[in-house]
Amino acid sequence: MSKLIVFLGNQIVWDSSREKRAIKIGKLEDSDIVLHDPRVSRNHAVIIKEAGRFFIYDNESTNGTFLNNVRLPGKKLRRELPEECTISILPFTLTCKIVQEEEREGGTKIVAVDDVDSYLDDNLNFGSMLGESEAMCNVYAQIQKVAKEKEPVVIRGESGTGKELVARALHVSGNRAHKPYIAVNSGAIQKNLLLSELFGHEKGSFSGADARKIGKFEEAHGGTLFLDEIGDTLPETQVALLRVLQDGVFYRIGGRQEIRVDVRVISATNQPIERHIAEGTFREDLYQRLSIFTIFLPPLRERGDDLERLTMHFLKKYGLMKLGFIPRITPEALERLKQYPWPGNIRQLESAIKRTLLYKADDAPIDIDELILDDIRQPMGDSILKNPTRPQFMKILEEVNWDTRKAAKLLGVTPKAIQNKANRYGIKLRDIKKYGYNPE
């Protein structure tokens, strides 16, 4: 017996435990998978289940449906879905996974947990964000208000609150949704290289510049550029950013040709920018340009029942990925999660669920003593700081979002020492930063 799970980003938008032969995809509100975008047709595509197999056809849409990047033929000709595949309906990409249910006495091993499904009701989401607390509804309202504007937006909030999800929602909901969306983590790039990363350089402009490089501003022309951790930029980078925000022009490093771009800049920071301005390390005029609109993201501890819903979402997502079924959780364990302070916010909650499921050996409900909530932000002994074990080192890196400079500051060593220790432990930081971390 087979079951189809459909993801949009990190969000599960469909699981076929809901008994339905035809799954409709389109922008109509009565579609089973609703995709809000002018380029999506009203009844765009349909997935059919027959004899335990799944098929898809394009429902004579305007812009087509792509299965694993191959356009489906017209005239409602069906193609079978592989076990793992992508369905592209611009500008969206759905990820599909077909899993086999294990028949056993009393039911199947893979089950749809009713309260999990209710917490993942699409009507309570905004883009890839989850939550219906008053604080998050205010965020959604701000996104809708400014999404179609062209002026810069700065997103402020603690680390791990989901600032990039807000940036993506602003892009997808705005007039530039069909144009490039380029994200740059300013804090993960050496400060002296950030200028070249953003604006590019000409061949021979400095040692190691063996060829011309196109910068992120050029790549994002017509679309959106997201600058995360904007507070980590050097003064010369701030000057160049100010000019491109004011005039829409810049020069590549070593270049003489003025380059004009049309880019909406969205930036984010978890730092006290006002203090940096007072100390003279961040330009006040640049911040005024960046913050025509400001969106404040609430920490997880101020989002009420959203924590329960996010927990259910992560249990469902990683349970299906790692265990092949949706694990349950006891009321006592859920209450423990609610009482936890979560200084690392949603990212820390997600990591805690991942770690808990990594050591889950059965399909009994997760109890309070099975939760792994070690918080690296709490005081640690000198022995841990001087010589962390591999698991301790991994937790440190997870909590600082794999930023070697932040990990170095926490441990009192150099970033090079962090890289060397990662190499000794077989931790491939470059791959994790590029593809994300999924513990096996």
Side-chain angles (χ1 to χ4, degrees), residues 10 154-168 182-198 216 225-235 237-238 241 266-273 275-276 281-282 290 297 299-300 342-352 354-355 374-380 384-439:
N10 291 333
V154 65
I155 305 164
R156 301 191 62 173
E158 295 178 8
S159 178
T161 49
K163 294 184 284 294
E164 184 166 1
L165 294 181
V166 175
R168 287 185 179 275
I182 305 295
V184 178
N185 186 342
S186 306
I189 301 171
Q190 291 184 35
K191 291 185 178 182
N192 60 334
L193 297 180
L194 183 59
L195 195 65
S196 171
E197 188 72 16
L198 294 177
K216 298 303 183 183
L225 180 64
F226 174 55
L227 301 176
D228 200 3
E229 298 193 35
I230 192 66
D232 286 333
T233 52
L234 289 172
T237 305
Q238 294 178 33
L241 283 171
I266 300 174
S267 56
T269 183
N270 59 7
Q271 299 184 19
I273 290 292
R275 189 175 74 194
H276 293 339
T281 58
F282 199 91
L290 290 170
L297 263 181
L300 185 55
W342 301 113
N345 293 290
I346 300 169
R347 184 186 297 127
Q348 188 186 10
L349 172 64
E350 183 177 16
S351 296
K354 281 184 183 180
R355 286 196 295 266
D374 310 47
D375 184 14
I376 205 65
R377 296 163 187 267
Q378 294 176 353
M380 295 179 288
I384 293 178
L385 287 172
K386 291 178 181 177
N387 190 28
T389 64
R390 189 181 191 280
Q392 291 167 344
F393 189 59
M394 289 292 287
K395 288 176 185 176
I396 291 170
L397 290 170
E398 265 192 282
E399 294 304 329
V400 298
N401 198 25
W402 310 98
D403 188 322
T404 53
R405 290 190 299 122
K406 290 182 178 179
K409 185 176 181 180
L410 181 64
L411 295 178
V413 297
T414 65
K416 181 66 175 176
I418 295 295
Q419 183 64 62
N420 290 340
K421 186 173 285 291
N423 293 340
R424 286 198 300 273
Y425 283 143
I427 302 169
K428 299 180 179 179
L429 288 176
R430 181 175 295 180
D431 288 348
I432 290 172
K433 288 178 181 179
K434 188 173 182 180
Y435 302 112
Y437 172 59
N438 284 306

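Throughout, residue positions are numbered sequentially from 1 according to the sequence presented. Just so we're clear, the structure is a prediction, and the values are computed from it rather than from any experiment. Heavy atoms only: backbone and side chains are in, while hydrogens, waters and symmetry mates are out.
Atom CG of Leu234 and atom OG1 of Thr281 lie 11.0 Å apart (nearest 0.5 Å). Within the model, atoms CZ of Arg424 and CD of Gln419 stand 11.0 Å from one another, a figure rounded to the nearest 0.5 Å. The CD1 atom of Ile418 lies 9.5 Å from the CD1 atom of Ile427; values are rounded to the nearest 0.5 Å. Atom CG of Asn420 and atom OG1 of Thr404 lie 11.0 Å apart (nearest 0.5 Å). To the nearest 0.5 angstrom, Asp232 atom CG is 7.5 Å from Asp403 atom CG. Taking CD1 of Ile155 as the reference point, atom OG1 of Thr269 lies at 11.0 Å (rounded to 0.5 Å).
At a cut-off of 3.5 Å, with distance as the only test, no side-chain donor of Glu164 or Asn185 sits close to an acceptor on the other residue.
Lys163 places a side-chain N or O within donor-acceptor distance of the main-chain N or O of Glu158, the cut-off being under 3.5 Å. The closest donor-acceptor contact from the side chain of Lys216 to the backbone of Ile182 lies at 3.5 Å or more, if one exists at all. In this structure, Asn345 contributes its side chain and Pro299 its backbone to no donor-acceptor pair below 3.5 Å.
Nearest heavy-atom pair, Phe282 versus Leu290, reported as atom, atom and distance to 0.1 Å: CZ-CD1, 4.2 Å. Minimum heavy-atom separation, Trp402 to Met394: CH2-CE, 3.8 Å. In terms of heavy-atom proximity, Ala408 sits nearest to Pro415 at CB-N, 3.6 Å. Annotation for Ser267 and Phe226: closest pair C-CE1, 4.1 Å, computed over non-hydrogen atoms.
Ion pairing of Glu229 with Arg405 is absent here, as no side-chain N (NZ or NE/NH1/NH2) approaches a carboxylate O to less than 4.0 Å.
With sequence neighbours left out, Arg156 forms a side chain to side chain donor-acceptor pair (under 3.5 Å) with Glu274, Tyr287.
At a threshold of 4.5 Å between non-hydrogen side-chain atoms, the residues Leu198 and Leu241 count as touching.
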Could you walk me through whether Thr233 and Leu227 pass the side chain to side chain contact (heavy atoms under 4.5 Å, CB included) check?
-> CA-CA 10 Å; Thr233 52; Leu227 301 176; over 6 Å; no
Are Leu194 and Val184 close enough, and set up right, to give a side chain to side chain contact (heavy atoms under 4.5 Å, CB included), and what steps lead you there?
-> CA-CA 9 Å; Leu194 183 59; Val184 178; 4.2 Å; yes
